[in-house]
Every structure is written in structure tokens, then in C-alpha cells.
Amino acid sequence: MINSKTFTGRTAGLALLLAMASIAMPASAQDMELRIGPDGVRPIIRDRDRDVDRRGPPMRGCSEREARAAARDAGLRDPEVVRVTPGRVVVEGFTRRGPDRITFANERGCPEI
């Protein structure tokens, strides 16, 4: 059975918390969330600077790993990236006939040139 005094106190506390949060931070409402758990309602204020990925912007071109995988798919054994420029990625390896070289465009998806 629920104790009415405790239930009323929690409800009043939640209402007070919501009222204070809406007054204190009207412009940054997306930076706050309320988590409801066994220990009650807890406000969580997120720090946007902490959530930012520190590795920098995602790479948009053909990575070395993608170039080696594309070279393997093209039939090259033991592929090794030997040169990366803003326009192309050169991969060397071996075929049945001997050493060979494949050049890929430095774009998403590593299209073969």
C-alpha cells in the first residue's frame, strides 16, 4: 500500500523540480534530462563540449583500410598502400602474374581509376 504522505511529497518535489528547471534554463532545455529510477527523479545536465568527438571531423575520402579491402576484392594479394594524395590512393600487391598496382580515387567508396 502506498503511503499518501510520501506519495504527495514526491509529487510536490517533482513539480518543484520541473518548475525550477523551466525557470533556470529556458534557453537550454535540450541540455537537461530527467532520469526516473529506483532512487527517484534525478536531473541530468549534459555538457555539450564533453559530448563532442575529440578525434576531429570524420574522414570523407578513401581510408587506407578501405583501399586495401577494395584491392583484395579486385584480386590483389597482400595489398599495401604506397601513396596517398588528396586525389588518389595507390595500392600495390601481387596477382598470379606477379606484382601489380591499383589506383583508387580518394573519395567515399574508393572507386577504381
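- Considering all non-hydrogen atoms of both residues, Gly61 and Glu66 come closest at O-OE1, 3.7 Å.
- Alongside Val89, the hydrophobic cluster contains Leu76, Val81, Val84, Val91, Ile102, Phe104 (criterion: ILVMFWY side chains under 4.5 Å).
- Pairs of residues two or more places apart, or lying in two chains, that qualify as salt bridge (Lys or Arg N to Asp or Glu O under 4.0 Å) and include a residue from residues 83-97 are Glu92-Arg101.
- Within 6.0 Å of atom CD in Glu80, 12 or fewer heavy atoms from other residues, nucleotides or ligands are found, so the atom counts as exposed in its surroundings.
- With rounding to the nearest 0.5 Å, the separation of SG in Cys62 from CD in Glu107 is 9.5 Å.
- Checked against side-chain contact (heavy atoms from CB on, under 4.5 Å), Ala69 has the following partners two or more places apart in sequence or in another chain: Arg72.
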